[in-house]
Protein chains: 4
Amino acid sequence: MPETAGLSRKERDQQRRREDLLAAAEHLFGLKGYHHTTMEDIAHEAQYGTGTIYLYFKKKEELYEALLERKIGDYVEFVQGRVESVASPIDKVRTLLRAKLEFFEKHMEFFRIYLAEMTTADSTLHRSCNERRERMYYAHQEFVARTLSDAMQAGAIREVDPTRLATAFEGVVNPLLSEWIKQRSRESLCVIESFVIDLLLKGLEKK
Amino acid sequence: MPETAGLSRKERDQQRRREDLLAAAEHLFGLKGYHHTTMEDIAHEAQYGTGTIYLYFKKKEELYEALLERKIGDYVEFVQGRVESVASPIDKVRTLLRAKLEFFEKHMEFFRIYLAEMTTADSTLHRSCNERRERMYYAHQEFVARTLSDAMQAGAIREVDPTRLATAFEGVVNPLLSEWIKQRSRESLCVIESFVIDLLLKGLEKK
Amino acid sequence: MPETAGLSRKERDQQRRREDLLAAAEHLFGLKGYHHTTMEDIAHEAQYGTGTIYLYFKKKEELYEALLERKIGDYVEFVQGRVESVASPIDKVRTLLRAKLEFFEKHMEFFRIYLAEMTTADSTLHRSCNERRERMYYAHQEFVARTLSDAMQAGAIREVDPTRLATAFEGVVNPLLSEWIKQRSRESLCVIESFVIDLLLKGLEKK
Amino acid sequence: MPETAGLSRKERDQQRRREDLLAAAEHLFGLKGYHHTTMEDIAHEAQYGTGTIYLYFKKKEELYEALLERKIGDYVEFVQGRVESVASPIDKVRTLLRAKLEFFEKHMEFFRIYLAEMTTADSTLHRSCNERRERMYYAHQEFVARTLSDAMQAGAIREVDPTRLATAFEGVVNPLLSEWIKQRSRESLCVIESFVIDLLLKGLEKK
DNA sequence: TATGAATGAGTGTTCATTCAT
DNA sequence: GATGAATGAACACTCATTCAT
């Protein structure tokens with residue numbers, strides 16, 4: 001959420017319009033995908049004229065890009081904030097998983113976009129645009145890896161390749177979240193949360 | 001690979017054309033994505049005329065759909081074959097992971113398509129088309145779940161929700177494969193294989 | 001230059017704004033052409049807001065039209081003034097050519113616009129708008145024709161169709177000026193002046 | 001007119017379509033100007049679908065460019081052919097003027113385009129495109145200059161700067177042609193022809 | 001049957017013009 | 001009055017799909 005303090009009314013209005021447009025774009029890109037969403041759709045959803053979008057974003061791609069950057073930024077910030085707010089290494093590890101689930105529970109529409117982008121990497125946009133985003137993503141991956149690595153150092157978890165483990169952490173949750181969203185069975189995400197944490201921490205081996 | 005025995009030459013020719021077109025589509029969809037690949041691209045790659053595609057597939061979507069069905073079928077068949085060829089329940093569990101890695105190592109281009117489809121679910125295509133494929137996918141998920149469930153029954157692994165575990169199995173491997181493909185570092189996939197198997201079987205808990 | 005005497009301050013301010021806008025339009029239309037110049041460009045160049053233009057001109061076309069009228073008026077006035085300030089019929093003829101060169105030397109940017117308009121006639125604007133301007137242009141052509149006709153009457157030049165001659169006078173100078181502007185070789189226009197005068201008066205026939 | 005001999009039927013068909021499209025473009029660009037003519041207009045005029053144009057020309061600009069190149073080529077070829085078909089230097093000079101009038105009498109619509117392009121030079125198109133055309137134009141100017149220069153050498157006309165004279169030749173005729181086209185008074189162009197030739201050769205000086 | 005030229009609906013983008021402040 | 005943000009009509013261009021050959 002962008003700072004609004006200390007801005008003139010004009011600037012705040014501009015901010016608000018940008019937010020409106022980003023929200024509409026998030027909704028529709030999430031719902032129908034990038035290619036099946038037209039600029040007119042977005043403008044209509046946000047209750048603006050088509051041309052208005054172009055006052056805030058140069059191209060459709062740029063709007064998409066801005067959306068991703070914004071939300072991934074929010075995501076990364078949210079997870080890291082949570083992790084840093086707990087003390088013990090093992091709780092940090094648990095929080096990595098919990099916070100992700102919590103964030104996407106609140107931003108389900110965005111989850112579709114996130115997944116598509118994280119997995120297909122570059123089929124939607126041109127290479128150049130992706131660079132900044134890839135940097136954000138890798139920075140986060142590194143944060144996750146470091147958290148895991150710290151936990152190993154502290155003797156809280158077993159020693160394995162932390163980068164690979166970070167990637168695996170990323171992966172396990174995704175299809176579980178996907179399913180959960182699809183079925184909307186609405187048992188709270190807690191069940192999934194404890195399932196994953198239990199699985200990863202204890203493994204499948206019988207004692 | 002489709003049956004060719006007992007077909008007239010005409011029918012065999014038709015089969016061959018279909019294969020050619022599917023192969024070209026696989027290559028290009030994998031390379032540039034669905035929306036950035038034109039029908040002409042595909043026809044050209046396969047060395048046919050544009051119109052020819054429409055003798056074998058009604059629409060672009062149908063070609064995509066056919067491709068998915070075919071390859072996912074191959075995938076499912078491959079994994080299930082492997083799993084069934086080993087005897088012990090715990091080896092079956094290991095083989096679930098091994099076979100997946102092995103298959104996609106040989107079909108890297110298709111992995112991109114597979115991932116996109118598994119994650120975005122229905123943004124590429126219209127709902128109706130997806131039904132058959134979803135059935136295939138769920139059938140496979142069930143097979144995985146059953147294999148895992150059998151292993152639990154046999155006391156080879158700990159008891160957890162087998163469906164959820166199946167979903168988790170699916171998920172962990174994907175981003176690891178993705179990274180492996182992207183970096184083309186070409187240490188054999190064995191490393192990833194043992195990493196995943198070790199992680200899931202033993203978990204992270206210290207003894 | 002429009003009269004400013006006897007106007008209230010408000011009226012003088014309005015006049016000034018109009019002038020500013022016309023000047024900006026002249027610069028940009030001359031530089032980039034009518035279609036490649038946006039209303040925002042003009043407003044920005046003149047340091048006004050976009051909407052302000054519409055307080056002074058109903059449409060883009062009207063601004064263009066006003067610009068043409070104004071400058072062609074200046075041009076015609078300038079040439080006619082010069083011609084009337086000399087006495088002998090043959091000098092008047094020479095002055096027709098000299099004055100044109102002199103005017104456009106000082107208004108090179110406008111020359112581009114003038115040329116485009118004189119040659120393409122009505123492709124830039126709708127017919128109706130052109131009427132007033134065509135009248136101005138023809139009025140000037142008549143003035144030129146009369147001046148030439150007078151010179152014939154006075155026995156200063158040979159008798160030929162004066163209207164056609166007026167048109168020819170108009171024509172010869174244009175591409176020479178065009179070249180001169182393009183090459184910016186900046187030998188003074190005198191050379192061109194004497195070339196044209198010599199050519200038209202003496203012709204190419206050997207004595 | 002392009003060669004059609006030795007081409008397959010397919011190639012001849014393609015040629016014909018190109019011609020159709022160029023003809024439609026010529027008509028409409030001449031009538032309404034480049035910017036007021038839409039691709040759909042052109043397609044409709046030529047009785048094709050909009051997309052068809054893009055099979056033959058990459059962009060609107062390219063169509064315009066192709067049209068100019070083609071017709072200016074025709075023009076240059078026509079004039080030079082005529083000039084070379086007469087023997088005496090003074091007749092060559094006369095033919096320069098005659099042939100131009102004759103050509104544009106048959107291609108009146110194109111004359112509008114020609115004029116606009118020759119005078120405004122680069123406001124319609126991007127620089128790069130213009131290069132080839134500028135070369136064509138200057139090559140022709142040089143031909144004219146050489147013809148005039150030859151006539152001077154041969155003692156057929158007085159000695160003046162041949163390049164400048166070539167430019168003047170170009171210029172005088174244009175507005176006369178313009179007037180003639182506008183008034184459609186349809187006295188044959190001969191009158192204009194003899195007027196110009198008489199003017200330029202004999203000049204205005206009384207004997 | 002196979003082709004690839006023709007099509008035209010659909011979309012991103014621009015910009016003259018309006019109007020609330 | 002002056003502004004400049006908002007608008008939406010208009011247009012170039014693409015590409016899945018058709019169909020005459």
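The figures here come from the full heavy-atom set of this structure, side chains too, leaving out hydrogens, waters and symmetry mates. Chain naming here is simple, since letters A, B, ... match the order of the sequence lines and numbering starts at 1 in each.
- Rounded to whole Å, the distance from NE2 on H36(C) to P on dC15(E) is 9 Å.
- Closest to the side chain of K60(C), from the set dA12(F), dA16(E), dA16(F), is dA16(E).
- In the set dT3(F), dT7(E), dA5(F), the nucleotide with an atom closest to the side chain of L55(D) is dT7(E).
- The residue among G51(B) and E40(C) whose nearest nucleotide of DNA chain E is located toward the 5' end is G51(B).
- The 5' end of DNA chain E is approached more closely, in terms of each residue's nearest nucleotide, by T50(B) than by the other of K59(C) and T50(B).
- Using the six-membered ring where Trp is involved, H36(A) and H35(B) have ring planes that are perpendicular, over 60° apart on the 30 and 60° scheme.
- In terms of phosphate contacts, Y56(A) brings no side-chain nitrogen or oxygen within less than 4.0 Å of OP1 or OP2 of dA5(F).
- Nearest-nucleotide mapping onto DNA chain F: of I53(A) and M39(D), the residue sitting toward the 5' end is I53(A).
- Set against dA2(F), dC13(F), dA5(F), the side chain of R17(C) has dA2(F) as its closest nucleotide.
- Taking atom NZ on K10(C) and atom P on dG1(F), their separation rounds to 7 Å, with Å as the unit.
- The nucleotide dG12(E) finds its pairing partner in dC11(F), both defining distances of the Watson-Crick or G-U wobble pair being shorter than 3.5 Å.
- Taking atom CD1 of I42(C) as the reference point, atom P of dG4(F) lies 16 Å away to the nearest angstrom.
- Closest approach to the Q14(A) side chain among dA5(F), dT14(E), dA5(E) is made by dA5(F) (side chain taken as heavy atoms from C-beta onward).
- Rounded to whole angstrom, the span from the NZ atom of K32(A) across to the C1' atom of dT11(E) amounts to 12 Å.
- Checked for salt-bridge contact, D13(C) and K10(C) miss the test: no charged N lies under 4.0 Å from a carboxylate O.
- With dT14(E), dT17(F), dT3(F) as the choices, the nucleotide that has an atom nearest any side-chain atom of Y54(B) turns out to be dT17(F).
- One atom, CG of L21(A), and another, C1' of dA5(F), lie 13 Å apart when rounded to the nearest Å.
- Taking atom CG of residue D13(D) and atom P of nucleotide dG4(E), one finds them 15 Å apart after rounding to whole Å.
- One atom, CD of E11(D), and another, P of dG4(E), lie 14 Å apart when rounded to the nearest Å.
- Comparing dA5(F), dG12(E), dG8(E) by their closest approach to the side chain of T38(A) singles out dG12(E).
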Go through E117(B) and Y64(B) one step at a time and tell me if the side-chain hydrogen bond (donor to acceptor under 3.5 Å, both in side chains) criterion holds. CA-CA 11 Å; E117(B) 212 43 40; Y64(B) 181 70; 2.6 Å; yes
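- The two residues Y34(D) and K60(D) make their nearest non-hydrogen contact at O-NZ, 3.0 Å.
- A distance of 4.0 Å separates OH in Y48(D) from CG in D20(D), rounded to the nearest 0.5 Å.
- We find that CD of Q47(D) is positioned 15 Å from C1' of dT7(E), with the value rounded to whole Å.
- Pair assignment for dA20(E): dT3(F), on the basis of Watson-Crick or G-U wobble contacts that are both within less than 3.5 Å.
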